[in-house]
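Remarks on the structure that follows.
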Amino acid sequence: MPDAQPLTQAFFARPVVTVAKELIGCKLLFAGCGGIIVETEAYDHEDPASHCYGGRTPRNASMFGPPGHAYVYRSYGIHWCLNFVCGRLPKHGEMASGVLIRAIEPTDGLELIEERRGTRDRRKLCSGPGRVCQALNITKVQDGQPLDQPPFSVLRRARRHDIVIGPRIGITRAAETPWRFGMAGSVFLSRPFA
DNA sequence: CGTAGGATTTTCT
DNA sequence: GAAAATCCTACGG
């Protein structure tokens, strides 16, 4: 079997909903720690729930940069959350989009992940956007970094998976938009789908 | 099983 | 001043 193929920036330079779906089953690694992506959410420039909806600010500047890079933001003043910057139309300039990485199934660097998370409960290690960043030690330092270069790598999925779809979590505006995607049957989701 | 409150940065009103 | 793309702990049924 050949090694899993790293996804290049071209993979991310497409419509954000497409990328969010195709990321399910892909593998995210950061400095030797990571696992299979099992839950994502899409956010785009026409979306009242997105950080980029109101235009560029110091916090969301990375989302207005090139696709295939990280956007890391502080959530509720406490946690870090990781997004993959996705496609936008250059002619529109001030548009941006991103995929929030909500949960992964940890497979690599388990010992280090358990230490950072303070638990050995497999289902609580990386099941939630704040947990993912704590487990992989991703912080503001990674904001704007390219996803196709170390210490990041995102590997193409080994096979297709059934996808479940639902409304996004923790938002009030555009709360009905079904842009949350998950791997069917996974026990590593942040929350079950309806 | 459920609900409630606190921690604390960034943005907007 | 309040809300936010969250998580943890405590306490009640």
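The chains referred to below are lettered A, B, ... by the order of the sequence lines, with proteins before strands, and numbering in each begins at 1.
Donor-acceptor pairing under 3.5 Å is recorded for the side chains of A:Q134 and A:R117.
Residue contacts for A:S190: at a heavy-atom cut-off of 4.0 Å it reaches no nucleic acid atom on any strand shown. When heavy atoms are screened at a 4.0 angstrom cut-off, A:R173 is found touching no nucleic acid atom at all. In this structure, A:L100 reaches the bases: a heavy-atom distance under 4.0 Å links it to at least one base atom across the strands shown.
In the displayed structure, A:K124 atom NZ is contacted under 6.0 Å by at most 12 heavy atoms of other residues, nucleotides or ligands. In this structure, A:R14 places its CZ atom where more than 12 heavy-atom neighbours from other residues, nucleotides or ligands lie under 6.0 Å away.
Residues A:V99 and A:R131 each lie close to DNA chain C; by heavy-atom proximity, the contact nearer the 5' end of the strand is made by A:V99.
Among A:D148, A:V154, A:L23, A:L147, the one residue that satisfies the side chain to side chain contact (heavy atoms under 4.5 Å, CB included) test with A:F11 is A:L23.
Once you apply a 4.0 Å limit to the heavy atoms of chain A, the touched nucleotides of DNA chain C run 5' to 3' over C:dA4 to C:dC8.
Taking both residues in full, the closest heavy atoms of A:A174 and A:P48 are given as CB-CD, 4.1 Å, listed atom of the first, atom of the second, then distance. Here the closest heavy-atom approach between residue A:G35 and residue A:L29 is recorded as N-CD2, 4.5 Å.
Using atom C1' as the reference point in both C:dA5 and B:dG2, the two lie 24 Å apart (nearest Å).
For the strand DNA chain C, secondary-structure stems (runs of at least three Watson-Crick or G-U pairs, all distances below 3.5 Å) span B:1-7 with C:6-12, B:9-12 with C:1-4.
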